[in-house]
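Written below as structure tokens is the structure these notes are about.
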Amino acid sequence: MLWSTMLLAFREIRRNVMRSVLTILGIVIGVAAVIIMVTIGGGATVQVKQQIVDMGSNLLMVTPGKRLGPGQSTDSIPFKEADARAIARDVSSVIAVAPVSSQSIKAIFGNQNWSTQVTGTDNQYLQVTNRSIRSGRKFTDNELRSGAAVCIVGGTVINKLFGGQDAIGEKIRLQKLSCEVIGILRGKGQNTMGTDQDDIVIVPLSTYLRRIAGNQDVGVIQISIQDGIATEKVQKDIVRLLRERRHLSLSDDDNFNVMDMKEIAQMLTGTTQMLTALLSAVAAVSLLVGGIGIMNIMLVSVTERTREIGIRLAIGALENEVLMQFLVEAVVLSSFGGLIGIIMALTSSVWLARVLRVPFVFNTSIVFIAFLFSAAVGVIFGYFPALKAARLDPIEALRHE
Amino acid sequence: MNIMAFSQTDKSSLIELQAVMKIYGSGQAAMQALRGIDLRIDEGEFVAVMGPSGSGKSTCMNILGCLDTLTSGSYRFKGIEVNKLIRNQRTKLRRFYLGFVFQGFNLLSRTSALENVELPLIYRGVPAQKRRLQALRALETVGLKGWESHAPNELSGGQQQRVAIARAIVTRPAVLFADEPTGNLDTVRSHEIMNLLIRLNCDQGVTIVMVTHEQEMAAYTQRIIHFLDGRVVSDEPNRRQT
């Protein structure tokens, strides 16, 4: 009986192909929108998580100055290299500490020039930021101590200045400093905020301070700490040490800031997930609108087929049987719309993921849920018209023109 | 209540109406369509119901066909008090015992003759194979062999009414109700349809109750009942029948 009712529904839908297509369009768009949002949002979340891993686990960033409130902040007294060494020496559970100073400088090679981030630091920076050398080598201790004119260069700079050619041994000019390329970094891509992490030239800190910056100021200290150690405790230790080194009295506020990058990254993940949920909810509203479209057409269909319903009732169709006939028709319509929506969503998500450069994450459960939801929309919005059909008086219905 | 349990009881009285009243509306606007009908139709009869429009003959047919309910009185079909049945039970009564032929044919459009005839069998739960066989046989009975795959709009009025008759008899109903079956047909087709009904009545013993306003068609039957103002004014055997 159910099978024959379904066949009947298919035939009825085929009779009005154009109308059926327009009717299910709302469901198609609704289902497609929800799945695309969830898939792309899921991809973005995976990407953010991947970037957290790439960033290096348990990264703390110490910056001078602290915002106390709107428009208020402490003096921004820069760190010295000795502060970094003190942290490495005195704070337990610290794996690597990198003092970092950087500024944007135009790098020149031959007739090519490219404005890039020149960073003065040491080899620990590579460990802290989870970077590695693709070719060439790291700095030697001697180079670091003496402030040699050597640099390690990111992929983007290599592309811009050398057209991707091997640059080891070449000399690039940074302001008045001409320095030899001794290493090339492995590509890292964009970070969570969308900045290119390969657009970088690393020089020894002493070289940077003496020959580029002309002072002894360290802008940021980046610290990587052991896995499984409570970040809060290390943070507290660093704060205590730095307060001591900066001679702050008990009443003074910290004039520096220790940030846990993991927290920031997790916040970003949370934001991505919330945005995904919000957009999906908006998309789900269109499913509701699609349902109303189905109800509308089913009501029209019941009115149009009043005579047919009258015949069926007179011949011996029970109320339930007429109800089922129209309900099945609505459900077949809506789930068919759901199916088309799923196919459309998956094909366009694959494409969109490529365009937006996020991984394509196939989410089986959302596809399943979307399909069930579209079928449910058919049941909910098809019920009222079906009930209307089933409750018709056969005599009246037969008289209907 | 199982409808099937009430098969073959009293052979003689298939339909029995006693003091049946039907009032539409209420209060000031109340309209008395039937003012006390007593009627008895036996198995195998071929009855014509006549009367001007508004005489109550259609209302009476709807009640007999279990499509409508009566206001007061009693309607016994095969001994069952129809007025005590709920809507679904009346529907089952129609499904298993009654056949309908309408003035306007009332076939499903864009549906082949065969499928139209199969329709009542679907609701009876007859399996597809058997359904098809029975429908083909019914179409053959009404002389439409070879027209099975044609949709109603590809058939003439007379042929459409034959399909409707095939649909009504395919279930071998206890009673066939025909409401002005020749009303939309020309004289030649009308006589063809009447001959078909006669044949069904004689050969297959189908009880037929037919509403008509044409004396010529009523003349085919064995018994003519005249309605006027909600009452039966005459009910006598048709002597002119050949």
Side-chain angles (χ1 to χ4, degrees), chain A residues 1-20 297-298 300-329 332-333 386-401, chain B residues 3 22 24 33 58-69 86-112 115-128 131 151-152 163-164 167-171 173 177 179:
Chain A
M1 191 66 203
L2 186 69
W3 178 239
S4 63
T5 315
M6 277 182 65
L7 283 179
L8 196 68
F10 278 123
R11 197 160 68 185
E12 215 44 64
I13 289 162
R14 260 215 315 273
R15 257 178 210 173
N16 269 309
V17 175
M18 188 65 183
R19 188 162 85 182
S20 303
I297 286 302
M298 289 310 293
V300 170
S301 179
V302 167
T303 310
E304 262 182 11
R305 286 152 67 192
T306 299
R307 226 177 144 82
E308 177 199 322
I309 296 162
I311 296 166
R312 289 178 184 277
L313 287 169
I315 272 173
L318 293 174
E319 270 181 62
N320 279 345
E321 287 162 342
V322 173
L323 184 92
M324 275 307 283
Q325 184 191 336
F326 280 85
L327 204 55
V328 164
E329 205 174 307
V332 165
L333 261 180
L387 194 67
K388 197 182 159 199
R391 292 271 169 86
L392 280 176
D393 175 15
I395 300 169
E396 292 290 326
L398 282 170
R399 249 181 240 149
H400 191 266
E401 286 306 317
Chain B
I3 305 287
K22 177 69 186 180
Y24 288 114
S58 288
T59 305
C60 189
M61 280 292 277
N62 285 339
I63 289 173
L64 289 178
C66 301
L67 289 164
D68 206 350
T69 52
I86 59 165
R87 184 175 158 152
N88 271 351
Q89 289 172 327
R90 278 187 280 124
T91 303
K92 282 197 174 156
L93 208 90
R94 290 200 296 275
R95 176 188 290 186
F96 290 107
Y97 294 113
L98 309 183
F100 292 92
V101 175
F102 306 97
Q103 180 178 0
F105 318 140
N106 278 335
L107 298 171
L108 297 187
S109 56
R110 290 178 290 186
T111 306
S112 73
E115 284 172 304
N116 262 293
V117 176
E118 278 187 49
L119 193 64
L121 296 175
I122 293 176
Y123 289 117
R124 279 190 167 198
V126 178
R131 205 159 70 205
V163 174
R167 182 182 65 188
I169 60 160
V170 74
T171 57
F177 290 104
D179 192 355

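All heavy atoms count here, side chains included; hydrogens, waters and symmetry mates do not. In what follows, chains are A, B, ... by sequence order, proteins preceding strands, each numbered from 1.
- The interface of residues 387-394 of chain A with chain B, defined by heavy-atom distances below 4.5 Å, comprises A:A390, A:R391, A:L392, A:D393, A:P394.
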Open item on the list: One pair to check against side-chain contact (heavy atoms from CB on, under 4.5 Å): A:E308 and B:T111. What are the steps and the verdict?
Closed with: CA-CA 11 Å; A:E308 177 199 322; B:T111 306; over 6 Å; no

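- In this structure, the portions of B:R110 lying under 4.5 Å from any heavy atom of chain A include both its backbone and its side chain.
- Interface remark: A:R305 contributes no atoms to any contact with chain B (heavy atom separation under 4.5 Å).
- Within the 4.5 angstrom heavy-atom criterion, only backbone atoms of B:L107 (N, CA, C, O) approach chain A.
- For the pair A:L313 and B:T91, the tightest heavy-atom approach, listed with the atom from each and the gap, is O-CG2, 4.2 Å.
- For A:R15, the salt bridge (Lys or Arg N to Asp or Glu O under 4.0 Å) partners are A:E12, not counting sequence neighbours.
- To the nearest 0.5 Å, atoms CD1 (A:I315) and CG (B:N116) are separated by 8.0 Å.
- Legend: residues meeting salt bridge (Lys or Arg N to Asp or Glu O under 4.0 Å) with B:E118, ordered by chain and number and at least two apart, are B:R131.
- For the atom pair B:N88 CG and A:N320 CG, the distance stands at 6.5 Å (nearest 0.5 Å).
- In this structure, chain A has a heavy atom under 4.5 Å from the backbone of B:S109, while its side chain stays farther away.
- Rounded to the nearest 0.5 angstrom, B:R90 CZ and A:L318 CG are separated by 12.0 Å.
- At a 4.5 Å heavy-atom cutoff, the contact between B:E115 and chain A is made by side-chain atoms alone.
- Residues passing the salt bridge (Lys or Arg N to Asp or Glu O under 4.0 Å) test with B:D68, sequence neighbours excluded: B:K22.
- Using modelled atom types, no side-chain atom of A:R312 and backbone atom of B:L119 make a donor-acceptor pair closer than 3.5 Å.
- Counting non-hydrogen atoms of other residues, nucleotides and ligands closer than 6.0 Å to OH of B:Y24 gives a total above 12.
- For the residue pair B:F100 and A:A314, the shortest heavy atom distance occurs at CE1-O, 3.6 Å.
- For the atom pair CZ of B:F102 and CG of A:L398, the computed distance is 4.5 Å after rounding to the nearest 0.5 Å.
- The minimum heavy-atom distance linking B:L108 with A:I311 is given by the pair CD2-CD1, 4.0 Å.
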